[in-house]
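Keep in mind it's a predicted model, so treat the numbers as computed, not measured.
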Amino acid sequence: MKEKECTKCGEFKEIKFFEFRKDTNKYRSQCRKCHKGYSRLKADKQREVKEDLAKGLKTCGKCKKVKSVKNYHLDANTATKLTSWCKQCKKKYQKENIEQIKKTTALRRYGVSGKEYENLMSSDSCSICKKFFSRLVKPAIDHCHSTG
């Protein structure tokens, strides 16, 4: 008789109490009883979100405050069609992490790693056109110094 520990309740139960998943060819980590409770909780949460949206409200994923949907940016890639963070939280995050965001963008757009980005930005002249950087001529990865 094979047993398995449920990650939710911590009990050791016979394998028959765990659902077999065909997509992964493994048994779930939670027993059927615990997983059913999770599914019910998830469904309740989705219903609550729909009710709030009908009232024109949404809870911010960052600050956890309930705000008007006007305080969120549009996002076509989500179920609610709104961003998970409110505009204020997103703006604060972007302000605090501007350098990391620039490095990530450089990697995604141009394939330039974080270290390469730092070297390019800390240089005193352009490696392509040899112009020295000043207040008017600033470093740029795409080499357009006038538009950045």
Side-chain angles (χ1 to χ4, degrees), residues 4-12 15 18-32 34-148:
K4 182 175 170 84
E5 182 181 12
C6 174
T7 57
K8 183 76 174 180
C9 64
E11 294 180 28
F12 282 91
I15 202 77
F18 294 85
E19 184 179 343
F20 184 77
R21 295 184 56 174
K22 292 179 183 175
D23 58 340
T24 60
N25 285 335
K26 294 179 181 177
Y27 286 93
R28 285 197 184 278
S29 59
Q30 296 177 349
C31 65
R32 285 192 170 117
C34 291
H35 183 71
K36 188 175 183 182
Y38 169 76
S39 298
R40 204 174 288 141
L41 182 71
K42 187 177 173 185
D44 289 346
K45 181 67 177 167
Q46 288 172 340
R47 189 171 29 262
E48 186 181 309
V49 167
K50 277 186 178 179
E51 289 171 2
D52 283 350
L53 284 173
K55 296 175 190 173
L57 302 171
K58 185 173 178 352
T59 304
C60 176
K62 180 79 171 161
C63 65
K64 307 296 184 209
K65 293 179 183 173
V66 178
K67 299 180 179 184
S68 169
V69 293
K70 294 176 184 175
N71 290 312
Y72 296 87
H73 291 287
L74 296 176
D75 185 357
N77 299 319
T78 62
T80 61
K81 304 298 181 208
L82 299 168
T83 55
S84 57
W85 289 6
C86 64
K87 291 177 181 178
Q88 294 88 348
C89 289
K90 185 170 174 120
K91 187 175 184 177
K92 182 180 175 187
Y93 174 82
Q94 287 175 332
K95 197 177 238 184
E96 292 170 355
N97 299 288
I98 189 72
E99 283 304 313
Q100 185 59 40
I101 292 169
K102 286 181 179 181
K103 288 178 188 177
T104 304
T105 303
L107 179 63
R108 188 180 69 247
R109 285 188 187 162
Y110 308 108
V112 176
S113 71
K115 197 71 169 166
E116 290 173 311
Y117 176 82
E118 287 174 8
N119 290 340
L120 287 168
M121 295 299 132
S122 64
S123 177
D124 59 348
S125 66
C126 180
S127 59
I128 298 171
C129 67
K130 308 299 182 204
K131 282 186 180 179
F132 282 93
F133 299 129
S134 66
R135 218 179 66 212
L136 300 174
V137 180
K138 295 182 180 179
I141 293 176
D142 65 357
H143 195 257
C144 184
H145 299 292
S146 61
T147 63

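- Contacts of Q88 classified as side chain to side chain contact (heavy atoms under 4.5 Å, CB included), with partners at least two apart in sequence or in another chain: K67, N71, C86.
- Of the possible polar contacts, one joining the Y72 side chain to the K58 backbone as a donor-acceptor pair under 3.5 Å is found.
- Pairs engaging residues 18-28 under the salt bridge (charged side-chain N to carboxylate O under 4.0 Å, His left out) rule: E19-R28, R21-D23 [sequence neighbours left out].
- Nearest heavy atoms, V66 versus T59: CG2-OG1, 3.6 Å.
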Show which side-chain atoms of residues 48-55 pair as donor or acceptor with protein atoms under 3.5 Å away, not counting sequence neighbours.
none

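- The side-chain hydrogen bond (donor to acceptor under 3.5 Å, both in side chains) test applied to D124 returns no partner, not counting sequence neighbours.
- The closest side-chain heavy-atom distance from R40 to K36 is below 4.5 Å.
- Counting only distance, with no hydrogens or angles, the side chain of K87 and the backbone of K70 share a donor-acceptor pair below 3.5 Å.
- Between L82 and L74, some side-chain heavy-atom pair lies under the 4.5 Å cut-off.
- Of all heavy-atom pairs between E116 and G111, the closest is OE1-O, 4.0 Å.
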Show me the donor-acceptor pairs within less than 3.5 Å that the side chains of residues 96-105 make with the rest of the protein, sequence neighbours left out.
residue: N97; atom: ND2; partner: Y93; partner atom: O; Å: 2.9
residue: K103; atom: NZ; partner: E118; partner atom: OE2; Å: 2.5
residue: T104; atom: OG1; partner: Q100; partner atom: O; Å: 2.9
residue: T105; atom: OG1; partner: I101; partner atom: O; Å: 2.8

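- Residue-environment remark: NZ (K62) stays at or below the threshold of 12 foreign heavy atoms within 6.0 Å.
- Side chain of K81 to backbone of D75: no donor-acceptor contact under 3.5 angstrom is found.
- Under the side chain to side chain contact (heavy atoms under 4.5 Å, CB included) criterion, Q46 pairs with K42, sequence neighbours left out.
- The nearest pair of heavy atoms linking W85 to C60 is CA-SG, 3.9 Å.
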